[in-house]
Protein chains: 2
Amino acid sequence: MGIDERKQRVLEAIIKDYVATAEPVGSRTIARKYNLGVSPATIRNEMADLEEMGFIEQPHTSAGRIPSQLGYRYYVDCLMEAYSLSEAEETLLRSMFVEKMGDLEQVIQETSKLLSRFTNYTAIILGPTPVGGKLRQVELIPLQEQLVLMVIVMDSGVVLHKMLELPGPVASEDLHHVSYVFNSKLRGIMLENMRRTLLQELYDELQHKKQILRLALDILDYYQQAPQWEKSHLGKVYLGGVINILNQPEFRNFDKIRRILSVLEEESELRELLTDTNETGITVRIGAENRREEFQDCSLITVTYDVNGKAIGRVGLLGPTRMEYPKATSILEYVASILSEALQGYYSR
Amino acid sequence: MGIDERKQRVLEAIIKDYVATAEPVGSRTIARKYNLGVSPATIRNEMADLEEMGFIEQPHTSAGRIPSQLGYRYYVDCLMEAYSLSEAEETLLRSMFVEKMGDLEQVIQETSKLLSRFTNYTAIILGPTPVGGKLRQVELIPLQEQLVLMVIVMDSGVVLHKMLELPGPVASEDLHHVSYVFNSKLRGIMLENMRRTLLQELYDELQHKKQILRLALDILDYYQQAPQWEKSHLGKVYLGGVINILNQPEFRNFDKIRRILSVLEEESELRELLTDTNETGITVRIGAENRREEFQDCSLITVTYDVNGKAIGRVGLLGPTRMEYPKATSILEYVASILSEALQGYYSR
DNA sequence: TGTTAGCACTCTAGTGGGTTGAGTGCTAAA
DNA sequence: TTTAGCACTCAACCCACTAGAGTGCTAACA
């Protein structure tokens, strides 16, 4: 049994109606609201077929139908037509977008708010990952005798900082010297290759200055050891509009909300959620397609944003499976594009 | 009508029981569980008095009593005896505390998680405010021809950064020179005095180098203009255990939760919440004592943390008015003290 | 052969009455 | 002043009933 055109239109009608109302859709409703030119009885027959094929389901005998996960998937893959933002919407979005105010972090934070406000879903943005980016500058700033703040600025404008505790007191000039050597060696190197690159060259440069060599090596060791440090290599996660989850009728259930929120509270979970795909374009995860069991009833749409043609992070929208897919994807893509554009400014070309 | 000792004990019993069970407390329960040596009837009389005085109230005629806001206030001020953490608890807390891993931000973030896990309330921490602190180092890092990243490191280890767009292209050496001048002039100056101090001295230093003077002034102007920048002067807000709100039976109500979460989502609201007092010690805000109407049913306990005897931020616990005040305050104070201790390490003395 | 009207059937959600039980206030006795 | 006794109140729960939406099936129709 194939899925002919009329079945498609019935499925589409069911999805559209259910997305709009969050109520199971009956045959009469479809016949009335979406003029397919056939009677409810005929639609009932089609619905029975669609149900058998697994595209829709019935909460209980005397209720209408709701789209199944498979139904949404089919809709997203085959049926849905692209929603194109109107001129007015684009202008509005652009006008709300805060460009180049403050730093990168702020731009992204604001973007997540904007996105959630515009869609009424929850926005999740993975910030630029330092890993893969190139170093621009390293500063070692002495705070106390044995305490140094290491500030690393990436080409992308991402700023990392880490406190280093040195094994012994160090003269300020020595530290300065190490800073200088690091900088002259490191510019343009990838963060993850920092240690390797440096080790090779430090000896040449500093062999006549044992004391400083020792210090430089200590710092590198410190860098290597600290497992916490690695975390900051992964890119921060920004959330916007978590509150919107509470507005979805399907989440009017404390247990569900608790479980979803507990995932949203864990930065590492979110990062995983956004990074478990390598696709560069847009991805749509419907219900159980999300690995996390807490997101059974959620869909997550993500898209990369990029600078100089290279993807550097992901923007996501989390909502119920009953999501406005066409609109959400369009807005998401548009916002990602203006974010890319804005970030372009921060990046050296 | 005074509040004699027996009334106190009845009030205390009601509060303790209600805090533990979240159910209205009846006279029988008190007579049974808290041996005051009198019958339920006597307790009923006392309760009638307490109600008349406004310390307790009745949800409806045939229910027990619950403490009123005034009742909690009296309890916190007069009745409550300090809860002292056991050796074991202190050890456990200390062992879970992550010291000097990574940077300041991470320590505070982890502290908020620790605090919320330990108390089952929501932790809110206001990070160190750059304002009032002293500058340690300023770095101007060129990213593009007209784009400069300004990194400011405070004595406290707080790192601020801001993107500056210059009106025209600038040679890297010039920028370096400005960096150098800034640094030599600024160390030890308070952030908010930066501009004033610099203006006075820049002329002396740079009058022979018109081009660089111009640049330096532009940068200062930029700093002065940008209103967004001011925000980062205020100290970040860290949240932990938002999920715990959902576990309180009094918040099993979507409207309440939505309203509370919407406040928690706004960093500025939280900052206001924590900063609208100047008291240096512990503060307890019960119900409507919190200005925000959304927190009618919440209590917020806050305490300052400090370094070198100077308060630099606040740690707070947000829970229902039915809070375990003695335990919460003790844990909060202890955690604030180990946080202070840990931060001491970051601060130059 | 596909479509449709008609109809019996199913199941949820909502309503209203009755009961239970916890807790109270009042009164009178100890 | 305390306490036992008692009538009273009220939320919460249970249960039966109804209304209504929606279905599947059958038989007639184009």
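So that the names make sense, note that chain A is the first sequence line, chain B the second, and so on, each numbered from 1.
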If a pair satisfies ring-ring contact (aromatic ring centres under 6.0 Å, His included) and one of its residues is in [range], list it, with sequence neighbours excluded.
| range | answer |
| --- | --- |
| residues 39-59 of chain B | Phe55(B)-Tyr74(B) |
| residues 23-54 of chain B | none |
| residues 242-268 of chain B | Phe254(A)-Phe254(B) |

Rounded interatomic separation in angstrom, taking [atom1] from [X] and [atom2] from [N]:
| X | N | atom1 | atom2 | result |
| --- | --- | --- | --- | --- |
| Glu46(B) | dT2(D) | CD | P | 7 Å |
| Leu36(B) | dT2(D) | CG | C1' | 14 Å |
| Ile43(A) | dC25(D) | CD1 | P | 18 Å |
| Asp17(A) | dG22(D) | CG | P | 10 Å |
| Asp49(A) | dG24(D) | CG | C1' | 13 Å |
| Tyr18(A) | dG22(D) | OH | P | 14 Å |
| Met47(B) | dG23(C) | CE | C1' | 9 Å |
| Glu57(B) | dG23(C) | CD | C1' | 17 Å |

List for me each residue that meets side-chain contact (heavy atoms from CB on, under 4.5 Å) alongside [X], sequence neighbours excluded, and say none if there are none.
| X | result |
| --- | --- |
| Ser68(A) | Glu57(A), Leu70(A) |
| Glu23(B) | Thr21(B) |
| Asn35(B) | none |

Exercise for the section: Answer yes when Glu250(B) and Lys256(B) have at least one side-chain N-carboxylate O distance shorter than 4.0 Å, and no when they do not. Expected result: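 A salt bridge is absent here (no side-chain N lies under 4.0 Å from a carboxylate O).
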Exercise for the section: Flag the pair Glu289(A) and Arg73(A) as a salt bridge only when some basic side-chain nitrogen lies within less than 4.0 angstrom of an acidic carboxylate oxygen. Expected result: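 A salt bridge links Glu289(A) with Arg73(A).
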Practice task
Give, ordered by number, those residues of residues 58-69 of chain A having at least one heavy-atom distance below 4.0 Å to an atom of DNA chain C; if nothing qualifies, reply none.
Solution key: His60(A), Thr61(A), Ser62(A)
Please report, to 0.1 Å, the donor-acceptor pairs under 3.5 Å made by any side chain of residues 36-46 of chain A, with sequence neighbours excluded.
residue: Ser39(A); atom: OG; partner: Ala41(A); partner atom: N; Å: 3.3
residue: Ser39(A); atom: OG; partner: Thr42(A); partner atom: N; Å: 3.4
residue: Ser39(A); atom: OG; partner: Thr42(A); partner atom: OG1; Å: 3.3
residue: Arg44(A); atom: NH1; partner: Ser27(A); partner atom: OG; Å: 3.2
residue: Glu46(A); atom: OE1; partner: Lys7(A); partner atom: NZ; Å: 2.9
residue: Glu46(A); atom: OE2; partner: Arg6(A); partner atom: NE; Å: 2.6
residue: Glu46(A); atom: OE2; partner: Arg6(A); partner atom: NH2; Å: 2.9

Quick test: give all pairs of protein nitrogen or oxygen and nucleotides 3-6 of chain D nitrogen or oxygen below 3.5 Å, distance rounded to 0.1 Å.
residue: dT3(D); atom: OP2; partner: Ser39(B); partner atom: N; Å: 2.9
residue: dT3(D); atom: OP2; partner: Ser39(B); partner atom: OG; Å: 3.4
residue: dT3(D); atom: OP2; partner: Thr42(B); partner atom: OG1; Å: 2.4
residue: dT3(D); atom: O5'; partner: Ser39(B); partner atom: OG; Å: 3.4
residue: dG5(D); atom: O6; partner: Arg44(B); partner atom: NH2; Å: 3.3

